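Worksheet: the structure to be examined is printed underneath.
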Amino acid sequence: MIERFLNPLALALTLAVLGDVVVERSGVLNLAIDGLFVLCVAVTFSVFVATSSPIMALIAVLACGAVLAVVMSMLINVFLANHVLAGLAMNMVCYGIATIVGTRFLGRALPTSLYMDTVTIGVVVALSTALTWLLLYRTSFGVALRACGYNPRNAEALGIDVGRTRLVAMLLGYELIALGAFVYLASYVGTWSAGLGTGWGFLALSLAIASLWHPVLAPILATSFAALYVSMVEIQTHPIRIGSVVIKMSPAMVSAIPFVAALVLVSILYATPLRRIVSPPRALGEPYFREERTL
Amino acid sequence: MLKIVIVRRELGLSKRIALSLTSIALCLAVSALIIYAITGSTNVVFAAFTSFVDLNTLRYLGTLTVIALGLCIAYRAKLWNLGADGQLVIGAILATWFALYTPLCSSSMGIVLGLVVAALGGMAWSFIAIALRIWIGVNEALATLLLNYVAYYLANHLVEGPWRGVAVHGYPETDLIPRACWIPCVRGYSFSPYIVAMALLLTVLIHVIVKRTRFGLAVKALGTGEALVELSGISAKKVALLAFLMSGALAGLAGGIELFEVQRKLILGTKFSAGLGFTAIIVAWLAQLEPLLVPLVSYFVGALLLMMVGIQIAGAGVGDAVAQVIVGVLLVSTLVSNFFVNYRMKIVKVKGVKL
Amino acid sequence: MGGSLIELINVSKRFPGVLALDRVSMRIEVSEVHALLGENGAGKSTLGKILFGVYAPDEGVIKVRGREVRIPSPRHAMKLGIAMVSQRPQLVEDLTVWENLVLGLGKDLRRDLYRTIDEVSRELGIELDLDKPVWSLSYTEKQMVSLVKSLAVNPCLLIMDEVTTYLPNNVRSRLYEFVKKFVENGRSVLFITHRIREALEIADRVTVLRKGRVVATYNRGVDIDSVRRAMFGDRYWNGFGTHEKTVALGNMVLTVSSLTVLGDHGEEKVRGVSFDVREGEILAITGIAGNGQRELAEALIGLRRVARGRITFMGIDITRYPPSKRVSMGMGFVPDDVAKMSVSLEMNVYENMALRLGTTRFDALAKVFESYVHEIPVYTPSPKVPLKVLSGGNLQKIAIIKELASQCKLLIACNPTRMLDEASAHRVRNVLRNVAKRGAVIVFTEDVEEALGLGTRIAVMNRGTIFGPYHREEIDVAKIEELMVS
Ligand SMILES: Nc1ncnc2c1ncn2[C@@H]1O[C@H](COP(=O)(O)OP(=O)(O)O)[C@@H](O)[C@H]1O
Ligand SMILES: [Mg+2]
């Protein structure tokens, strides 16, 4: 039972969700997560195949995350771009580059698959969760980061450099997401085709929202979600019978289920008063310009 | 130490236009470079740029204009409909159903009826997102993005299963729709003058709605905040609903157009939409959400898309991907040039004084 | 005094449509309380924010102890020894008091924090619970947190921007003492205020700002009349105007019974408030900001849900109606923040009018607008420019004109004169009196004298409950101030 929850997909998703939590807690709406995920998946694949070295692939994917974090942070913090549009633009660029990068090695197989056992996955999930929680709630940088998400203007008046804090938050978050993409490809999928990973970034984003941007709820949702998904894929190959009813689904329908589930999950969480418990990053997605007129 | 300081500024009209043109020129230069890097031939680059004087660009003008007009309305209200791609696919699915599984399309008003069905489909799909936003508070950008995938997979499910054509040799496609449902194209080209005319008419119509009606003003006011609309005595929920449904309906309509004018059969979801719903988002913003500018920008962006089709045929194999990159870069450069229209950047040198 | 601490030379700052500071030069000396005096919109806060690194000046030079400096952010200002406390506490409400205090502070500065907290608590006579979230504090407590925070960076210049406006009297006078002691050992205070008496009482020197220009600098002991002339120019000013004889009261317009309303964090901000308003009346509701006025106003117009109780308008129970329905029934609302709720900065005057009045015949709207501009002068470069180029005061006037033109039965106005200069404020008060002749008005104001000058009845809000309404004859400034802080 437990291995159903602690599968490689769960680890990938947990890392991506935690990364998104870090980014969005600083007030940056992270729609670029999907492009980032897809690009990192393609980079992992290409470098892994080209060099046969998982370490090189890991370094490449982390570098990719860092570059994107810097670019996005420029767009949002310096050029005061609308968060939605900036995210969308980055997504398009990343999807395109991912296809271009990956297509050169299309059809090649990974030299080795990175197998991870349940215990390793469990440890990594627990560790990354604990570290994210410590960072956000037990360090002074974490307080500054959350302050930027609650109210960047007042945070700045209290002596925070909002631009720099958000840049660091994005660097940390994007690296987590990049790691998630690495695990997704190297330990879960193991092969690549154009567009691989598309939509998983948005799923991670939905799970982050549904977990109220709290690092402890995030892995719970992410692992349950992964368990659900893996079970659905099994139903596809082994239809289950309940009495005389045979539950059987087409591959396309199975692929659609996570998206429906994510939407339902977020809706349920928003419909209940549960969301009052953890204070959300109120300034999420608002471009912050210091000289704006205030009351 | 150097620090960046940002202050507001007011630019004159001529300078704003100059800035926009610069950013577009920069973007074209980048595109040329990318094409050269991939194909390694200046001839291909020159050939590619002939798409700007190719009438086939009008095929994109029609579809992009229709979608982007709707998005202009939603975005003016600061409602983030990022689901035009999915709404387009749902429109196409319903139009396919209409053409293949009802006898109605051979009637005299068949095509018009089919387009209406497509628009209703897109509208219904957008309703899910706006309903969640209005009554539960779910971010509509996220909801529309997720619903895109549901729409793609729904199309995939249909063409891989129940609707797979008998004459397609196992490809994931439906059969061709009956000829009565084809919107005829100009001989030798891939666009229909009727669609172009309809797009231009819609442009005028939306312009009037946006600029000359109280609803249009309320839509813009909704962008400032719900309270402003409510305090003006207008129900903000109704305005939001209507604005969003209009954008969904127009995206659905575009799905019908793509089916009847271009594809003439349903194929896999992402292939069918080819990202047009996302490209239209960029069109809407490049046009500064001004309906009258939308056809112009659609032509420009359409030419870029056509260019990529040309390169694809030239054999690079990744034409779509390159198109995506270029359109994305175009949006980035628009964002940056918009910044320079409204703000000035000063680099100041700070001495590390400590008292 | 020991020479100059801060010097501004020809500092200018332009915002879209206004020159907020026009070649301002002034000097703040070591160990002085320097008051910056000027009416609303004179540019006082702009100057303070430039020194605190919030705004970047367009031109001019700033020197600290004779050295030219750039102040690109508040963080840098703090490093230079400049700190600022504003009228509205600039704190992060979702964090605790302690988190707000340590935010951005280095280790060395944190060590002295407890001592600073003790010192401020002792001087002002208020205790702080460091583990409470800031949103649960009262206004005075929040201001105290702001003060502790700004002292924690060991400032040599403390900028105080209208900090006393909403403080209860006893805290206010302790703060004056604190300021005087603060400057004793080589530190200075820039005390920003629009109250002449306050400036003269506390300051060693006073600089008067008018329309972004320095008009005069006085030493201690100047007479109040010359300062007033410098501040307002030759404009005649007679305070709050006069009342007409008591008007006959008409039908009941609004009845509020046992209203309870929740704040942003689910706490009870309005507790069991009841009152009614008749035709011909102006009900002025006053109190220190943050005692539930905003929540009550929003509940009356429907922007905030009512937890318990009933609101009846013209005999109809409207407790659950959305604002749009209340507005179409004849209510009008001028919010605190007109730029967010009452006008669209992207649209021009006529479009804004069209939105409210429901007709898009712009020529007719132009006539309506003209007719009101005679009563309340609005300065626009042209009525066709988007409102974002107008100053805050003009936005406020347009918001009021829109509501007047709608011929509403009940006008609810929140601090309608706060952004206005005295002459305009005077005209707006007269217009409100006229509205009361054909309907009713509820004015929320933080200015006690305005409440007394304007209201036919006056109520005081304190911690969510309401005292009164009292008839004007039953109450005076002293009584109101007592109720405000009791
Ligand atoms: N951030 C801003 N953006 C645009 N205009 C502003 C801004 N801040 C102040 N102003 C304008 O500058 C002028 C001076 O404002 P301010 O310094 O706040 O005055 P004071 O504090 O003396 O009341 C006003 O006309 C105001 O509307
Ligand atoms: Mg001020």
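All values reported here derive from a predicted model rather than from experimental measurement.
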>> Can you tell me how far apart CG (Asn338(B)) and CG (Leu85(A)) are? Round to the nearest 0.5 Å.
In response: 9.5 Å

> Out of curiosity, Leu263(A) CG to Ile128(B) CD1, how far, rounded to the nearest 0.5 Å?
Replying inline: 8.0 Å

Which bit of [X] comes within less than 4.5 Å of chain A, counting heavy atoms only: side chain, backbone, both or neither?
X         : result
Val7(B)   : both
Leu158(B) : neither
Tyr152(B) : neither
Leu82(B)  : side chain
Ile326(B) : neither
Trp135(B) : neither
Ile281(B) : side chain

[X], part contacting chain B, at a heavy-atom distance under 4.5 Å:
X         : result
Ile209(A) : side chain
Ala194(A) : neither
Val254(A) : neither

>> For a side chain to side chain contact (heavy atoms under 4.5 Å, CB included) check, start with the C-alpha distance between Phe289(A) and Ile6(B), then their side-chain angles and the critical distance, and finish with the verdict.
In response: CA-CA 8 Å; Phe289(A) 172 50; Ile6(B) 295 160; 3.8 Å; yes

> Counting only heavy atoms not in Arg282(A), do more than 12 sit closer than 6.0 Å to its CZ atom?
Replying inline: yes

> Heavy-atom count around Glu226(B) CD within 6.0 Å, excluding the residue itself: above 12?
Replying inline: no

Could you have a look at [options] and say which one has the most heavy-atom pairs with chain B under 4.5 angstrom?
options                        : value
Asn91(A), Val260(A), Thr198(A) : Thr198(A)
Met74(A), Glu291(A), Arg290(A) : Glu291(A)
Ala98(A), Ser250(A), Gly195(A) : Ser250(A)
Leu29(A), Val266(A), Leu80(A)  : Leu80(A)
Leu88(A), Leu75(A), Leu205(A)  : Leu88(A)

Grab the two heavy atoms, one from [X] and one from [Y], that are nearest each other, plus how far apart they are.
X         : Y         : result
Glu292(A) : Arg8(B)   : OE2-NH2, 3.1 Å
Leu142(B) : Phe202(A) : CD1-O, 4.2 Å
Ile136(B) : Ser267(A) : CG2-O, 3.6 Å
His157(B) : Ala252(A) : N-CB, 3.4 Å

Do the side chains of [Y] and [X] get nearer than 4.5 Å, heavy atoms only?
X         : Y         : answer
Lys3(B)   : Asp161(A) : yes
Leu146(B) : Leu203(A) : yes
Leu145(B) : Asp34(A)  : no
Asn82(A)  : Trp80(B)  : yes

> Under a 4.5 Å heavy-atom cutoff, which of Asn148(B), Asn156(B), Val150(B) has the most pairs with chain A?
Replying inline: Val150(B)

>> With chain A as the partner, which of Tyr343(B), Phe340(B), Tyr153(B) has the greatest number of non-hydrogen pairs under 4.5 Å?
In response: Tyr153(B)

